[in-house]
Amino acid sequence: MVVSIKVAKQLQHFIAGEFIASEKTFKNISPVDGTLIADVCEADAATVDAAVKAAQAALKGPWGKMGVQERAAVLHKIADGIQARFEDFVAAEVADTGRPLQQARTLDIARGIANFRTFADLAKTANTDLFQSDTADGAGALNYTVRKPLGVVGIISPWNLPLLLFTWKVAPALACGNTVVAKPSEESPSSATLLAEVMRDAGVPPGVFNLIHGFGGNSAGEFLTKHPGIDALTFTGESKTGSTIMKAVADGMKEVSFELGGKNAAVVFADADFDAAVAGVMRSSFTNSGQVCLCSERVYVERAIFPRFVAVLKEKTEALKVGYPDEANVDMGPLISHGHRDKVLSYYKLAEQEGATVVTGGAVPIFGDIRDAGAYVQPTIWTGLPDHARCVTEEIFGPVCHVAPFDSEEEVIARVNDSDYGLACALWTTNLARAHRVAPKIDAGLVWVNTWYLRDLRTPFGGVKQSGLGREGGRYSLDFYSEVVNICIKL
Ligand SMILES: NC(=O)c1ccc[n+]([C@@H]2O[C@H](COP(=O)([O-])OP(=O)(O)OC[C@H]3O[C@@H](n4cnc5c(N)ncnc54)[C@H](O)[C@@H]3O)[C@@H](O)[C@H]2O)c1
Ligand SMILES: O=C/C=C/C=C(\O)C(=O)O
């Protein structure tokens, strides 16, 4: 039985404090069993324009005059609103994505609340700079900075962690006094629509938070990036989409923040805590059906423990429970859609053509029930591919990893860094000196040692190379979502 959702059967836009329908709609399909979840309105250029105009108008209303303490209180009210409807948000997220209920509760919705509370408190407590400057006449000068809102921030988010990643941008943007026009992924519209209800019920002034639904190119996403009325654009999604969006905003010289794709590595040294490393690689390969930008699709294991590591990883992978979201002890749900499953299965096929040894998986599980109409794939492990194989260089974004042996630190660092991406890496070693020696040499924005996806929301989050532009998190978000102005007073 799949969790029944409590959102409307038609998901609408939310503009100037009102839910607005549009004639054109698209279908939101369950990845668990292929049934219809809801019809979703698709915003045209006029709808996007109305949203941007509402956001511009709201800057001149009570929101634009609100102090940071009051603004922070509003963000806490939003967090309270999500908390009060926690199970509705869980149901919405699970309906769209098919993820295990437990994950939706402990990660997705919990982080939606944490994002609002974190940035409410950061905005209240963050300091800015002051420099006491010397001057030729000896009287001196004061140089201090102030943060001012950017204005209207365009937000475009992906489907893999829908509420988490949507609020990871909405919360700091509002905390800094901006207004927003936000578009969730067409694959995961439900929790963002619930959030609009929470915003309305929390008394967020009309036009401060505007929600539009639709696709990317030649749809709501593109209309938003090309709208002259947005002052900044923050985007999370595929690297190639980031490149397209960068071109779209270039003429208007808009500030951008991009959190993009990855082909992340896990590196297991022979001196690692073996059981912890196996458990860690299981998490970093198969969490959310491998649909996390930080997941490890490349695993390098020091040769001395390689055979044993692969054997134990195979055993643990074959013990994973793949099933319904609300099944007891389910470990993995489906992929987000049949379209995405086709992409992942094309890599499963390619791997065999490239000469991979399929240690386990590589196909579609047969349940013999309604889940066979869903978008499930088997968790999969490969070995034996060369480093330049497409399955070892291209982001697949599914429950799959390639495991390869290595012989030295220098070798493995070079192989990890030989990638167009640079988002995250997980190192497994009990040698502290090695951890501190290797971590800074990894070309990535995020390096975890003896853990994975441990998050402190005050830290910088983002990638290098094709994995992103800029950092968000903590004061990095405050700096991105503000104009930082320097004021110099001659004494
Ligand atoms: N670095 C990170 O923090 C991070 C986090 C999550 C996901 N991701 C990446 O996101 C990808 C998976 O998400 P996805 O499939 O939703 O990505 P995607 O790029 O296909 O879509 C992301 C969002 O962009 C919109 N979009 C698509 N084309 C657009 C265009 N031309 N103009 C404006 N908007 C457009 C989509 O409608 C969606 O809302 C993976 O590559 C993953 O690595 C990165
Ligand atoms: O899929 C990518 C996950 C991104 C996670 C975050 O941005 C976060 O945890 O704040």
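Every number for a ligand or one of its atoms is a count from 1 in the order of the listing. In what follows, every heavy atom counts, from backbone to side chain, and hydrogens, waters and symmetry copies are set aside.
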What do we get for N160 next to ligand 1 when only non-hydrogen atoms under 4.0 Å count, side chain, backbone, both or neither?
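Just the side chain.
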Please work out whether any backbone atom (N, CA, C, O) or any side-chain heavy atom from C-beta onward of E395 is under 4.0 Å from ligand 1, and answer side chain, backbone, both or neither.
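Side chain only.
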Hey, would you say the W168 and F116 ring centroids sit under 6.0 Å apart?
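No, the ring of W168 stays outside the 6.0 Å limit from the ring of F116, centre to centre.
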Is it the case that the ring center of F215 lies less than 6.0 angstrom away from the ring center of F26?
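Yes, the ring centres sit under 6.0 Å apart.
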If we only count N/O pairs under 3.5 Å, is Q291 in contact with ligand 2?
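No, Q291 has no N/O under 3.5 Å of an N/O on ligand 2.
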Purely on distance, is any nitrogen or oxygen of F461 under 3.5 Å from one on ligand 2?
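Among all N and O atoms of F461, none is under 3.5 Å from an N or O of ligand 2.
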Taking only non-hydrogen atoms of [X], do any sit less than 4.0 angstrom from ligand 1?
{"X": "G462", "answer": "no"}
{"X": "G468", "answer": "no"}
{"X": "F258", "answer": "no"}

Would E18 and R200 satisfy salt bridge (charged side-chain N to carboxylate O under 4.0 Å, His left out), going step by step from the backbone distance to the final call?
CA-CA 8 Å; E18 302 286 336; R200 177 198 60 199; over 6 Å; no
Checking contacts here: is it the side chain or the backbone of [X] that comes within 4.0 Å of ligand 2, counting heavy atoms only? Could be both or neither.
{"X": "N160", "answer": "side chain"}
{"X": "L161", "answer": "side chain"}
{"X": "L165", "answer": "side chain"}

Right, does atom 21 (O) of ligand 1 have protein non-hydrogen atoms nearer than 4.0 Å?
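No, no protein heavy atom sits under 4.0 Å from atom 21 (O) of ligand 1.
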S22 versus H13, side-chain donor and acceptor atoms under 3.5 Å:
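Side-chain D/A pair, H13 to S22: present.
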Check for a donor-acceptor pair, side chain of R471 on one end and backbone N or O of G463 on the other, with a separation under 3.5 Å.
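Checked: pair present.
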With the threshold set at under 4.0 angstrom, would you say R111 reaches ligand 2 through any of its heavy atoms?
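Yes; R111 lies near enough to ligand 2 that a heavy-atom distance drops under 4.0 Å.
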Should the pair H340 and F397 be assigned to parallel (<30°), tilted (30 to 60°) or perpendicular (>60°) ring geometry?
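The rings of H340 and F397 stand perpendicular, inter-plane angle above 60°.
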Starting from atom 9 (C) of ligand 1, locate the nearest protein heavy atom and write down its residue, its atom name and how far away it is, to 0.1 Å.
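It is G237 O, 3.3 Å.
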Among protein heavy atoms, which lies nearest atom 19 (O) of ligand 1, and at what distance?
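Result: T241 OG1, 2.7 Å.
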Salt-bridged, D80 to R85, with N to O below 4.0 Å?
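The answer is no: the pair does not qualify as a salt bridge.
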